[in-house]
Amino acid sequence: MEQTVLRPKPMPGRNREGEGGQGPVRRPHAAPRRGRRPRTLPLGLGAATALLLCGIALGIAAATLTGIGGPSRQAPPPAPAAHATPAAAPAPPGATLGVEVADGEKAGALVVAVHVPGPGYTAGLVRGDLVLQLGSARVDTAADLARAVSRSRPGRPVLLTVRHGSGAYQQLTVTPGLVT
């Protein structure tokens, strides 16, 4: 009986001596590697350069579109006049209802937003109300309401006539607040 344990094992990829001896065993999964390295290096460097340049171009485009980067192109401040006029006193703070309005489809100012907390919210105004009258002043547009509110005195209650979205009319008492 032959002892196979003591026999040396062949190197991987080579046949045993005396068993065919046709040279190295061809492996079908192994690709030839000759001549690939000189082509791979320039292609890799070219791809890396292209990606870098694309990234830089995208960064410049984004900075230009958003307005960051580079010197700003603002106009220089106006030169002081030769004969300076005294500065006008700042306007005293006006009254506010704490609402945002737009022109209604018909006469009136449509309430599109109510600030919480605010005088309009406290009085009971809701989004969708149509303001028809403030005190004795008729309100046909949003500008009319702004003029009427600016003429009212902060802290003094004023009667406000509104038409709700349901069509019901209501008179509310609102106390305009200060704009600070």
Side-chain angles (χ1 to χ4, degrees), residues 9-15 22-131 139-152 154 162 165 174 176-180:
K9 297 196 179 195
M11 295 284 292
R14 298 189 183 221
N15 287 341
Q22 295 179 0
V25 175
R26 175 104 173 116
R27 292 189 199 142
H29 63 275
R33 298 187 61 106
R34 281 181 243 134
R36 289 189 94 178
R37 198 165 305 236
R39 276 185 286 166
T40 307
L41 185 63
L43 287 176
L45 289 175
T49 304
L51 286 173
L52 179 69
L53 292 176
C54 287
I56 291 172
L58 285 174
I60 290 171
T64 302
L65 291 176
T66 57
I68 52 177
S72 63
R73 308 254 190 264
Q74 294 178 352
H83 58 291
T85 59
T96 183
L97 292 181
V99 295
E100 295 177 23
V101 294
D103 291 340
E105 293 176 10
K106 297 179 183 177
L110 180 67
V111 177
V112 293
V114 180
H115 295 223
V116 178
Y121 176 77
T122 306
L125 282 174
V126 293
R127 194 171 103 202
D129 285 351
L130 194 65
V131 178
V139 176
D140 291 326
T141 63
D144 291 342
L145 179 63
R147 277 191 291 275
V149 170
S150 68
R151 284 193 301 259
S152 66
V162 297
V174 62
L178 279 176
V179 176
T180 56

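Quick caveat, the model's predicted, so the values are computed rather than measured.
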- Atom of G165, atom of D129 and distance for their closest heavy-atom approach: N-OD1, 4.3 Å
- For A142, does its backbone N or O pair with a side-chain atom of D103 as donor and acceptor, under 3.5 Å? yes
- Message: With a 4.5 Å cut-off on side-chain heavy atoms, are V111 and V126 touching?
- Response: no
- Rounded to the nearest 0.5 Å, how far does CG of L97 lie from NE2 of H115? 10.5 Å
- Message: When you compare the side chain of T141 with that of L145, does any pair of heavy atoms fall below 4.5 Å?
- Response: no
- Message: Can you confirm whether P119 sits close enough to P176 that some side-chain heavy atom of one is under 4.5 Å from a side-chain heavy atom of the other?
- Response: no
- For V114 and R127, which heavy atoms make the closest approach, and how far apart are they? CG2-N, 4.0 Å
- Message: Would V162 and L125 count as a side chain to side chain contact (heavy atoms under 4.5 Å, CB included) here? Give the steps.
- Response: CA-CA 8 Å; V162 297; L125 282 174; 3.6 Å; yes
- Query: How many angstroms lie between NZ in K106 and CG in D140, if you round to the nearest 0.5 Å?
  - Reply: 13.5 Å
- Are V101 and V112 side-chain neighbours, meaning at least one heavy-atom pair lies under 4.5 Å? no
